[in-house]
Amino acid sequence: MTDESFQPLTDDLPEQLRIRREKRARLLAEGVEPYPVELPRTHSLAEVRSAHSDLPADTSTGDVVAVTGRVMFVRNTGKLCFATLVEGDGTELQAMLSLNNVGADALNAWKAHVDIGDHVFVRGEVITSRRGELSVLADEWRMAAKSLRPLPVAHKALNEETRIRQRYVDLILRPEARDTVRVRAGVTRALRESFHRRGFVEVETPMLQTMHGGATARPFVTHSNAMGMDLYLRIAPELFLKRCVVGGIEKVFEINRNFRNEGSDSSHSPEFAMLEYYQAYATYDSMAVLTRELVQEAAEAVFGTQEITLADGSPYDLSGEWASMTMYGSLSEAAGEEITPQTPAELLRKLADARGLEVDPKLGHGKLIEELWEHLVGDHLTAPTFVRDFPVETSPLTRQHRSVEGVAEKWDLYVRGFELATGYSELVDPVVERERLTAQARLGASGDDEAMRLDEDFLRALEYGMPPSGGVGMGIDRLLMALTGLGIRETILFPLVRPE
RNA sequence: GGGCCGUUAGCUCAAUUGGUAGAGCUGCGGACUUUUAAUCCGUAGGUUCUGGGUUCGAGCCCCAGGCGGCCCA
């Protein structure tokens with residue numbers, strides 16, 4: 001225990017912070033520990049509630065309990081004090097301190113020392129008040145942990161920046177913030193259980209890499225002092241998970257963090273949780289079925305239904321089969337004319353112009369198709385939809401379609417208008433893969449810092465023979481967005497923010 | 001990267017044309033033995049994000065910057 005005698009602090013602190021520090025000092029001066037190491041708690045608030053549900057008003061149970069909780073509201077009258085205590089899961093229970101039961105000293109100490117936000121310990125009989133509120137009528141109370149900062153007003157929404165910068169305050173004040181954390185935990189747990197039921201093996205592959213790959217994105221660069229070389233934070237686990245499949249781990253998944261050196265907005269974060277899964281002798285068709293089932297099972301596990309309700313109260317139906325369309329087919333329909341992988345870039349550019357869509361004149365056929373599709377079709381999708389068969393040139397790690405020329409066996413899953421997951425029939429021919437990666441490396445050499453690198457070790461692995469496989473990547477944060485209707489910065493507990 | 005908006009008390013927000021910076025909650029003091037965001041009386045609390053400029057005078061106008069939000073690329 002700190003030996004510190006009471007003296008008023010004259011620090012240049014705001015009044016309310018200063019006063020709470022003085023209260024702490026005064027407790028110490030009176031020989032009371034403001035942060036005791038242990039308290040003889042006998043019940044959680046939830047246990048008291050469940051043991052005494054539905055009592056009539058003004059009941060004495062004779063049951064003595066010792067509970068703890070954070071003080072959220074205080075209602076003091078002259079000789080009777082009420083406080084609303086809350087514990088971590090949001091369960092509330094009222095504490096009552098009456099002059100008759102605790103005596104004048106303890107009651108005065110309560111009034112003098114206890115602020116909203118403090119953790120307190122209360123021992124006493126479980127009763128209901130005259131208004132019927134389940135309460136612990138104290139015969140003893142102690143400080144459990146003195147709060148030195150006033151909690152923001154509980155009845156007004158905290159501004160978004162403070163909610164993110166001080167998530168701990170957001171969690172204290174907003175039940176929905178706590179719910180989001182639990183929903184997220186429930187979703188990742190449900191995913192793992194779904195995979196384990198199907199015989200998938202969970203692995204963890206490198207996040208520090210000597211060469212980044214598996215996606216088109218700028219990496220974060222860091223430095224190893226011991227190795228005397230720069231390392232990359234991974235942008236995707238793909239190339240390592242494929243090495244696993246080569247090695248015979250034929251059903252494999254990983255849930256882990258990816259890092260992409262980009263800004264953040266309502267659906268992007270530079271650091272995000274990624275799920276990738278690969279299965280030997282699967283195709284993008286069977287992976288689409290698996291993906292739908294994973295999402296449906298997660299919804300079922302967390303909400304008990306596939307017909308979910310989003311944060312704004314609107315319903316969203318995830319049940320049953322999901323819509324499926326091809327990229328060229330849906331684009332042709334939306335554009336009112338036939339567009340194929342053979343449609344020249346020049347014509348696509350004219351199409352974009354005609355719709356007032358500004359596109360980079362350097363874009364080739366593949367990027368133009370994706371841009372056009374996004375504006376003409378993607379922006380209007382709301383129901384869960386698989387969009388299949390992408391241009392080959394923008395899918396360098398994907399297998400050419402088995403029957404359609406110029407198209408890759410790749411789908412994107414759109415949910416509520418944003419991209420939730422991407423699935424492939426994986427390209428496993430090491431010679432073709434080398435050609436594709438060499439082309440990417442040339443792009444990189446000519447200044448495209450999102451292009452992929454030539455990963456010789458990955459190609460060597462493929463040369464040993466990778467079975468035909470399906471693969472999928474799904475953003476966990478986006479899955480949470482899809483299931484809750486929240487923005488990405490609400491689904492990530494501590495998003496990256498600039499220092500204050 | 002570009003455009004627009006915001007930044008004021010612990011929290012949420014006001015402030016007319018450029019003329020003494022306010023409110024609610026919170027805090028502090030008092031009253032009150034059944035409250036539910038308790039109530040009632042009293043009271044305190046400010047580097048108006050930072051730096052420069054214009055002006056007799058700037059929260060407000062101008063310039064630069066920080067942080068945040070929205071839209072666009």
For this session: Name the nucleic acid region contacted by A:Glu15, choosing base, sugar-phosphate or nothing; use a 4.0 angstrom heavy-atom cut-off, strictly under.
Result: base
For this session: Would you kindly give the CG-to-P distance between A:Asn101 and B:U33, to the nearest whole Å?
Result: 15 Å
For this session: Taking only the side-chain heavy atoms of A:Arg75 (C-beta and beyond), determine which of B:C67, B:U36, B:U34 contains the nearest atom.
Result: B:U36
For this session: Both distances under 3.5 Å, Watson-Crick or G-U wobble: report the partner of B:C61, or none.
Result: B:G53
Problem set entry | From B:C25, B:G27, B:U33, nucleotide with atom closest to A:Leu80 side chain | B:U33
Seminar exercise, completed: Using Watson-Crick geometry (N1-N3 plus N6-O4 or O6-N4) or G-U wobble (N1-O2, O6-N3), each under 3.5 Å, B:C25 is paired with B:G10
Exercise. Out of B:U34, B:G27, B:C25, which has the shortest distance to the side chain of A:Arg130?
Worked result: B:U34
For this session: Can you figure out which of B:C25, B:C67, B:U12 approaches the side chain of A:Lys156 most closely?
Result: B:U12
For this session: Answer with yes or no whether A:Gln16 presents, from its side chain, a donor or acceptor under 3.5 Å of a partner atom in the base of B:G10.
Result: yes
Exercise. According to a strict under-4.0 Å criterion, is A:Arg498 in side-chain N/O contact with OP1 or OP2 of B:G68?
Worked result: yes
Seminar exercise, completed: When A:Pro152 and A:Val497 are each assigned the nearest nucleotide of RNA chain B, the 5'-most assignment goes to A:Pro152
Exercise. For A:Met96, which contact category applies under a 4.0 Å heavy-atom criterion: base, sugar-phosphate, or nothing?
Worked result: base
Problem set entry | B:U34 base / A:Asp58 side chain donor-acceptor hit below 3.5 Å | no
Problem set entry | 5′-ward residue of the pair A:Asn76/A:Asp115 relative to RNA chain B | A:Asp115
For this session: Please give the nucleotide sitting opposite B:G68 as a Watson-Crick or G-U wobble pair, both distances under 3.5 Å, or none.
Result: B:C5
Seminar exercise, completed: Winner on side-chain proximity to A:Arg165, out of B:G27, B:U33, B:G68, is B:G68
